Asker: 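Quick one: this structure, given as structure tokens, is what I'll be asking you about.
Quantities reported herein were computed from a predicted structural model and do not represent experimental measurements.
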There are 2 protein chains.
Amino acid sequence: MTTIKDVAKKAGVSVATVSRFLNDSGYVSAEAAKAVTAAVEELKYELNPVARSLNTKKSNLIGLILPDITNPFFPELARAVEDVALTYGYTVVLCNSDENPEKEKNYIETLKKKYIAGFIVTSNQLDAPHYANANVPIVALDRTINEKIPTVSSNNKEGAIMGTNALLKRGCRNILFLRGPEELNPANDRYEGFMEAIQSSNLQYQVVTCPFHFADSQEIVARVLKEDPTIDGIFASSDVSAAGALKAASLAGKRVPEDLQIVGFDGVAMGEMLSPGLTTVAQDVYKMGAIAARVLIKQIENKKIDQRFYEVPVKLIIRGTTRSVEE
Amino acid sequence: MTTIKDVAKKAGVSVATVSRFLNDSGYVSAEAAKAVTAAVEELKYELNPVARSLNTKKSNLIGLILPDITNPFFPELARAVEDVALTYGYTVVLCNSDENPEKEKNYIETLKKKYIAGFIVTSNQLDAPHYANANVPIVALDRTINEKIPTVSSNNKEGAIMGTNALLKRGCRNILFLRGPEELNPANDRYEGFMEAIQSSNLQYQVVTCPFHFADSQEIVARVLKEDPTIDGIFASSDVSAAGALKAASLAGKRVPEDLQIVGFDGVAMGEMLSPGLTTVAQDVYKMGAIAARVLIKQIENKKIDQRFYEVPVKLIIRGTTRSVEE
DNA sequence: ATATTATGTGTAACCGGTTACACACTGGAA
DNA sequence: TTCCAGTGTGTAACCGGTTACACATAATAT
């Protein structure tokens, strides 16, 4: 392995000069620069990031902390983060937290020892002291914030309004809203949006809390549909729940979308594969991840951040679980 | 930050003794051990992994190279790898290669500079020189091998035989096999399994190549079904293709499973959400990832590896796209 | 009693960089 | 002419560990 010393020797300068040249710090004469460039080229010198880390106390590692990569929402996020990180020369460390504060804390401490450059976090624990005291750049994704931490999320409330209106516009008169878990901030925003839209309509509705889990959702919807057969629209806070609803509906002999219309939230690929295809409020998950990564890197590199909150717009995708609009 | 020197001073011994104690290398008296333990405790000393890496030329980083975490097959794999890595004290770096040898090479080189401990790779490029010359422990996952690299995969051929027989046993007389891309080793093994099973039956069949992609599969199946309406069974080499087939079938007015039975391959969660639920040959993806991680860590830690090939058994999951067995 | 071997410890070099500091030189300002 | 700021460079300390080596002592073999 060739080291900075080899380069210095070959270029006929000191290691300090080589280092200054490589880091573009301090003065280096044109002459020296040329000699160093040549030596680097000739020796195929590549800087050792570990050695550098040791004295700069910095690295180009980014920690991506998310509950569970297995949850269909996160892979795309991870992909976006990794793509952006790569173009800026950063490396992504994957951390599945299972929403467990202990695990999160553990990751943070372990990685801080490696001089990690920053974290992108999807967690409810963001106000926990290990974040506040982390003393490392952080960006919060999807979930809420400690006021000081930049946050990227979908425009959940707006999306919920769009989704609700989509059902209203298509003639639903009795809507079931599948509300997500109360600990989840996005779920609350969606709930708010739904309430706002439905209340200004004066139509009948009901709200049932329902985890973002297929089988549970199916069961819950099956029950509710039996209790109240007049339900003609379901707005689920997640696509997985919507899929559960769709299954429950078809098992209950409801025709979708003729008897019952369904709208999901998320826009995961699976929605397209269902029959009929799932109408949904799609998040631009990739974009969220990409923005989060960029904002984090800006922080890391001490560039000015223009905003503290980034809301990524959401898009209504019409497929087969809703009817065509009544004019 | 407390360093090994602080510990040495407080314990009244030299740094060498502290280091020897911490690494359990060389001789350390009981007395010294006690003093060091106490000092570590009192100062809350934690070893700096970067400094250690610098001279040992080792780290506890594991690179996970896969085509695209967004592909539903991989998150579970990643999860398993990360889980196992965590319990052994390793950290996982996520690398999306897009099956691009240049990107793979890049990751390998970048990470080798960080003294990465080893790689888990899902790639077709495994014989490329940058793997052969990588000079780092590697485990191949799902895809094939350079002879020398330990490999973990599903029992694809056996699985294909099971899937085919499931259709045969349920009375299919004209089966369409959706073969996966020819570059993919698992796809070839599945093809082999299908051929073996079907040929010993003397029944009619046809094989169509079809990417692991929903919309493409749907289109291909729609066309084939139109050309040959007597097809009464489809065995798809992936669940995504099976989903496409299911959609095409229902759009073509075929009743599943009455007129047409479908079996997929993979066992992704989405299969359950379809209507009817997808019968499929399920891989134990988590297990594959976990085994790969364990085998890699064994290699890293110079423990003996008992095998070179690990075949993880596959399981037939019967759901609604197949009929009950004719006795 | 002497030669080995095993045990225990500290000093200092080293891993491969960065950077504080000292020093030299140049050119313009006073 | 003198002073100072700006430019350019090298020496050596330092980041926080590991480890080769030298040395001392205790235990065992001969």
Asker: Any chance the side chains of B/Ser123 and B/Glu104 put a donor and an acceptor closer than 3.5 Å?
Answerer: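 Result is yes, a qualifying pair exists.
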Asker: Rounded off to whole Å, could you give me the NZ-to-P distance for the A/Lys114 and D/dG17 pair?
Answerer: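 Distance, rounded to whole Å: 13 Å.
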Asker: When you compare the side chain of B/Tyr90 with that of B/Leu61, does any pair of heavy atoms fall below 4.5 Å?
Answerer: no
Asker: OP1 or OP2 of C/dG16 versus the side-chain N and O atoms of B/Lys57: is any pair under 4.0 Å?
Answerer: yes
Asker: Rounded to the nearest Å, what distance is computed from the CE atom of residue A/Met1 to the C1' atom of nucleotide C/dC14?
Answerer: 15 Å
Asker: Nearest-Å distance, CG (B/Asp24) to P (C/dT7)?
Answerer: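 Taking CG of B/Asp24 and P of C/dT7, I get 14 Å after rounding.
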Asker: Quiz question: going by heavy-atom distance under 3.5 Å, is there a donor-acceptor pair between the base of D/dG17 and the side chain of B/Asn48?
Answerer: no
Asker: Is the shortest side-chain N to carboxylate O distance from A/Asp6 to A/Lys44 below 4.0 Å?
Answerer: no
Asker: Give, ordered by number, those residues of residues 6-20 of chain A having at least one heavy-atom distance below 4.0 Å to an atom of DNA chain C; if nothing qualifies, reply none.
Answerer: A/Ala16, A/Ser19
Asker: Do A/Lys114 and B/Asn60 pair up side chain to side chain, a donor and an acceptor below 3.5 Å, judged on atom types alone?
Answerer: yes
Asker: Could you check how far CG of A/Asn55 sits from C1' of C/dA20, rounded to whole Å?
Answerer: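 Between C1' of C/dA20 and CG of A/Asn55: 12 Å.
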Asker: Taking atom types as modelled and ignoring hydrogens, do the side chains of B/Arg52 and B/Asn23 form a donor-acceptor contact shorter than 3.5 angstrom?
Answerer: yes
Asker: Between atom CG in B/Leu43 and atom C1' in D/dG17, what is the gap in whole Å?
Answerer: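 In whole Å, D/dG17 C1' and B/Leu43 CG are 16 Å from each other.
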Asker: What is the distance, to the nearest angstrom, from the CD1 atom on A/Ile4 to the C1' atom on C/dC14?
Answerer: 16 Å
Asker: With heavy atoms under 4.0 Å as the rule, sort A/Phe21 into base, sugar-phosphate or nothing.
Answerer: nothing
Asker: I'd like to check A/Met288 versus A/Ser154 (side-chain heavy atoms, cut-off strictly below 4.5 Å). Are they in contact?
Answerer: yes
Asker: With side chain to side chain contact (heavy atoms under 4.5 Å, CB included) as the test, pick out the partner of B/Cys95 among B/Leu64, B/Leu111, B/Leu66.
Answerer: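 Checked B/Leu64, B/Leu111, B/Leu66 against B/Cys95; only one passes side chain to side chain contact (heavy atoms under 4.5 Å, CB included): B/Leu111.
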Asker: Is a side-chain donor-acceptor pair under 3.5 Å present for A/Asp83 with A/Thr87?
Answerer: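 Not at all, the side chains of A/Thr87 and A/Asp83 share no donor-acceptor pair under 3.5 Å.
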Asker: Return the residues of residues 25-42 of chain B meeting this criterion: a heavy atom under 4.0 Å from some atom of DNA chain D. Order them by number, or give none.
Answerer: none
Asker: For residues A/Val312 and A/Asn155, determine if any side-chain heavy atom of one lies less than 4.5 Å from a side-chain heavy atom of the other.
Answerer: no
Asker: Between P on C/dT19 and CG on A/Leu54, what's the gap in Å once rounded to a whole number?
Answerer: 12 Å
Asker: Taking CG from A/Leu22 and P from C/dT19, how many angstroms apart are they, rounded to a whole number?
Answerer: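 After rounding, the reported distance stands at 12 Å.
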